[in-house]
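A short write-up of the structure that comes next.
The first residue in the sequence is number 1, and the count goes up from there. Start at 1 and go down the list; that is how both ligands and their atoms are numbered.
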Amino acid sequence: MAKPEPSAFLPAAGLPIVWAGQNAWRCLDTAYGSGHAFVKVWDAWRRDDHRPRLLHYVGLCAEAPQSDALLEAAKAEPHLSGLVASLAHLSQTITAGFHRYSFEGGQLLLTLCMGDLSKLLRQQRFQADTLLLDPDPKLDRSDGRWDLWRVKALARLSRRGAGLALRGHTAMLLRPVLQQCGFVVPDKNSSEPAGVVRAEFQPAWVLKNSRHDAIEPAVPVTRCVVVGAGLAGASVAAALARRGWQVVVLDAAATPAQGASGLPAGLVVPHVSADDCSLSRLSRSGVRMVLQQAQALLQQGQDWENTGVLQRFPSGNDDSPRPPPIWHTQAGWVKPAALVHAWLAQPGVRFLGDCAVAGLQRQGGLWRVLGTAGQVMTVAERVVLANAHGVLPLLDACSNAETSWTSELTWPVLRTVHGQVSWARHADSPLEALAALPASPVNGAGSLLPRVPLTAGLAWLAGATYQPADEADPGEQSQHAANLSRLTRLLPDLAAPLATMVATGEVQAWRGSRCVSADRLPLLGPVTAGADQGLWLCAAMGSRGLTLAVLCAELLAARWGAEPLPVEASLARALEATRGRSNAL
Ligand SMILES: Cc1cc2nc3c(=O)[nH]c(=O)nc-3n(C[C@H](O)[C@H](O)[C@H](O)COP(=O)(O)OP(=O)(O)OC[C@H]3O[C@@H](n4cnc5c(N)ncnc54)[C@H](O)[C@@H]3O)c2cc1C
């Protein structure tokens, strides 16, 4: 029996006709294989004048996609070579887990998920519009993979009316199971075993809300107010605007990025831990996502650089053996303010400065956002509080009945931690210091960015200190000394020349404040548990706003749009804003 090519699955699924005029479309491909079917869908989306604004493609795979096979398959289709080249380059190095790639200015999102099929299905939280059941020709006898439990998992991820394209002979073999789970399968006589057929998720029963467990229904795309124009707020605004939202971003300061995101330049590097904790796993996804944004929006070499970063594990006070250094290829430095400005300049986003938000009122399904004189500054269907340390004072100032917020609902800990970066222009640094600068950024005990082109000139930056807000401020010089002491362990050759510079006052300081949660993970989700009233938090980026802001923004937008999540559902849950609150509503 001839194996149907992946391209046969598109017309069987009704693509591209079924997605015409839709705001967003979500495809689930249960056997991504080389990515051939994805490239076909991408190409169809590109050519279609009525394409959806946003196309999600989730590809499940047991092993890393074979780029050679894709390049080979594309030889016969030279018009696909551009798409194939960009894809082959990206997916070579993937490891187990979820990997999000952004194309076409963020309008086409690929989520590659590698691992065991059942586990991958369990970690999805979205409602698919189109499902491709094993379009990879290698899985021609794939039906053995599809027992009742896996088909049930597919049904859980299908919206009513979703189309499922599958081989004719698979449809015949799985007919009882598919029907039991709510799929309408074409008549036996009308299916061609060697061809591809379309089943439809059209259960004869009323779908219970509990069916979707934690899959939240999509909210209508309307207006949103974001409070705070730092990395967190600006990235949320851009992610929503890409999906058609009208977003107003308010900040108490006159211009954006005046809080912690005013940091001259920061490190973007995965967090490393012996147990590969949630922060480590989230940071790997976050780094990839922010570097893609930087690549798309910023000037390389001027606003950011994918330099790679050396992670060292310098010895502490004990003599325990230290792990060998790690070289992170996907890492570098980014100027946060440049990203914030680029996000706020996206169509659909409006920034309003000098707008300190002092209250929120809910009236007729809308949020009224109040200024310090009680005036209504703007109204919207939804509000995101991305104002870091400003979150709790603002919530406490809001009327309990309207926000469902009561001051007893505090998080166990949401701390302010001040910090200082020490920096100097190369032009002001002695030759011994310049000679001892490493070729690329180093992270470990503190960090060092050796070459960043600031407005003042080419500079090195070392940091940063951690000074809890409830402790006395030790002053700028003492903070320089703290940064220097960590550098002594990280890069001993730099210590002596920099000590001289600190002593002679040639080192500059940049100071800011981080908003940190108890478990060092951001808070992302509705302010209160229970019915979603449209008041959300995106805050507590801690020391890793650059790494985590894009991930959080995409996660928020995905949850609002019932879209595929950029990370495993269990990881997304770790960020829930109500976590750890024993008295969550
Ligand atoms: C010294 C130091 C070094 C750092 N180094 C790094 C690094 O190398 N890599 C990295 O990834 N991260 C680093 N960080 C962390 C990073 O800077 C933060 O995680 C990130 O900037 C936080 O972004 P944010 O948008 O949550 O907060 P902010 O940038 O602080 O933005 C909050 C905004 O909310 C506004 N606001 C507050 N209240 C209100 C209100 N009521 N109404 C209207 N507006 C309001 C504020 O004006 C502010 O603009 C560092 C931080 C510090 C302090």
* Give a yes/no on ligand 1: does A356 have at least one heavy atom closer than 4.0 angstrom to it? => yes
* Asked: Are side-chain heavy atoms of P566 and S285 found at a separation under 4.5 Å?
  -> no
* To do: Would you check the N or O atoms of G419, main chain and side chain alike, for any that come under 3.5 Å of an N or O of ligand 1?
  => no
* Given N387, L546, N443, which has its nearest heavy atom closest to atom 39 (C) of ligand 1? -> N387
* **Minimal non-hydrogen separation, V269 against H328, with atom names** => CG2-CD2, 3.4 Å
* Asked: With distance as the sole test, does Q346 use its side chain to make a donor-acceptor pair with the main-chain N or O of A342 at under 3.5 Å?
  -> yes
* **Any N or O of S543 closer than 3.5 Å to N or O of ligand 1** => yes
* Is the shortest distance from a heavy atom of L394 to ligand 1 less than 4.0 Å? -> no
* Per atom 50 (C) of ligand 1, closest listed option by heavy atom (V269, L231, L263) -> L263
* Asked: With respect to H271, which candidate in Q311, R520, R281 satisfies the side chain to side chain contact (heavy atoms under 4.5 Å, CB included) definition?
  -> R520
* For atom 30 (O) of ligand 1, find the nearest protein heavy atom and state the residue, atom name and distance (0.1 Å precision). => A260 N, 3.0 Å
* Asked: Among side-chain atoms of S273 and S280, is any donor-acceptor pair under 3.5 angstrom?
  -> yes
* Asked: Does G390 reach ligand 1 with a nitrogen or oxygen that is under 3.5 Å from one of the ligand's nitrogen or oxygen atoms?
  -> no
* Asked: Do ligand 1 and G542 have nitrogen or oxygen atoms that lie under 3.5 Å from each other?
  -> yes
* Main-chain N/O of R53 paired with Q107 side-chain donor or acceptor, under 3.5 Å -> yes
* Backbone or side chain, does any N or O of S261 fall under 3.5 Å from an N or O of ligand 1? -> yes
* To do: Check P336 against S261 and note the closest heavy-atom contact, atom names and distance.
  => CB-O, 3.3 Å
* Is A253 in polar range of ligand 1, meaning some N or O pair under 3.5 Å apart? -> no
